[in-house]
Amino acid sequence: MVTIILLLSCDFWAVKNVTGRLMVGLRWWNHIDEDGKSHWVFESRKASSQESKTVSEAESRIFWLGLIACPVLWVIFAFSALFSFRMKWLAVVIMGVVLQGANLYGYIRCKVGSRKNLTSIATSYLGKQFLRQNTGDDQTS
């Protein structure tokens with residue numbers, strides 16, 4: 001059990017700090033300011049011609065496939081441990097779900113941006129669609 005938890009921790013660190021940055025150009029971390037407030041930072045590397053050569057489409061797909069498949073696999077393990085009444089393994093499985101889920105959540109936030117960006121993008125998109133619909137109706141009348 002201890003070995004599995006240590007390996008999970010090493011995997012979490014490697015995916016968060018090494019493979020995400022090198023394979024897809026994304027990284028995230030937590031920063032605590034002088035006031036003691038916690039700030040989550042989500043970054044994505046801006047695409048340039050040289051960097052797009054280093055980040056291949058195949059590497060990106062492998063990274064995202066592994067990042068999504070691992071939490072799904074740990075959830076399956078969780079249900080298996082729960083329904084087979086192996087409660088001693090449930091702690092390991094919960095640790096796996098939490099660590100892999102945290103990496104998945106962090107990288108999704110890096111990929112799509114912060115929630116403020118998502119709401120502003122959605123608002124501007126809906127506004128544009130509304131204007132197109134209204135201007136399209138005026139031209140047909």
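These values consider heavy atoms only, across backbone and side chains, with no hydrogens, waters or symmetry-generated copies.
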Tell me the closest heavy-atom pair linking [X] and [Y], and the distance in Å.
{"X": "Arg21", "Y": "Arg27", "value": "CD-CD, 4.2 Å"}
{"X": "Gly101", "Y": "Pro71", "value": "N-CG, 4.3 Å"}
{"X": "Cys110", "Y": "Trp28", "value": "SG-CB, 3.7 Å"}

Would you give the length of the straight line joining atom [atom1] of [X] to atom [atom2] of [Y], rounded to the nearest 0.5 angstrom?
{"X": "Cys70", "Y": "Leu65", "atom1": "SG", "atom2": "CG", "answer": "9.0 Å"}
{"X": "Thr19", "Y": "Leu67", "atom1": "OG1", "atom2": "CG", "answer": "8.0 Å"}
{"X": "Leu26", "Y": "Trp64", "atom1": "CG", "atom2": "CH2", "answer": "5.5 Å"}

Steps toward side chain to side chain contact (heavy atoms under 4.5 Å, CB included) verdict (Asn103, Trp13): CA-CA 9 Å; Asn103 259 338; Trp13 182 87; over 6 Å; no
Consider only side-chain heavy atoms of I, L, V, M, F, W and Y, link residues closer than 4.5 Å, and tell whether [X] and [Y] are in one cluster.
{"X": "Val97", "Y": "Phe83", "value": "yes"}
{"X": "Phe12", "Y": "Met1", "value": "yes"}
{"X": "Leu99", "Y": "Leu7", "value": "no"}

Considering only Ile, Leu, Val, Met, Phe, Trp and Tyr, and joining two whenever side-chain heavy atoms are under 4.5 Å apart, list the other residues clustered with [X].
{"X": "Ile76", "result": "Val72"}
{"X": "Phe85", "result": "Leu82, Met87, Leu90, Ile94, Val98"}
{"X": "Leu6", "result": "Val2"}
{"X": "Trp29", "result": "Val41"}

Set of side-chain hydrogen bond (donor to acceptor under 3.5 Å, both in side chains) partners for Asp11, sequence neighbours left out: Gln100
Test side-chain hydrogen bond (donor to acceptor under 3.5 Å, both in side chains) applied to Ser38 - qualifying residues, sequence neighbours left out: Asn30
Any Lys111 side-chain heavy atom under 4.5 Å of Phe42 side chain: no
Parallel, tilted or perpendicular: ring planes of Trp74 versus Phe77, cut at 30 and 60 degrees: perpendicular
Whether Tyr107 side chain and Val24 backbone form a donor-acceptor pair below 3.5 Å: no
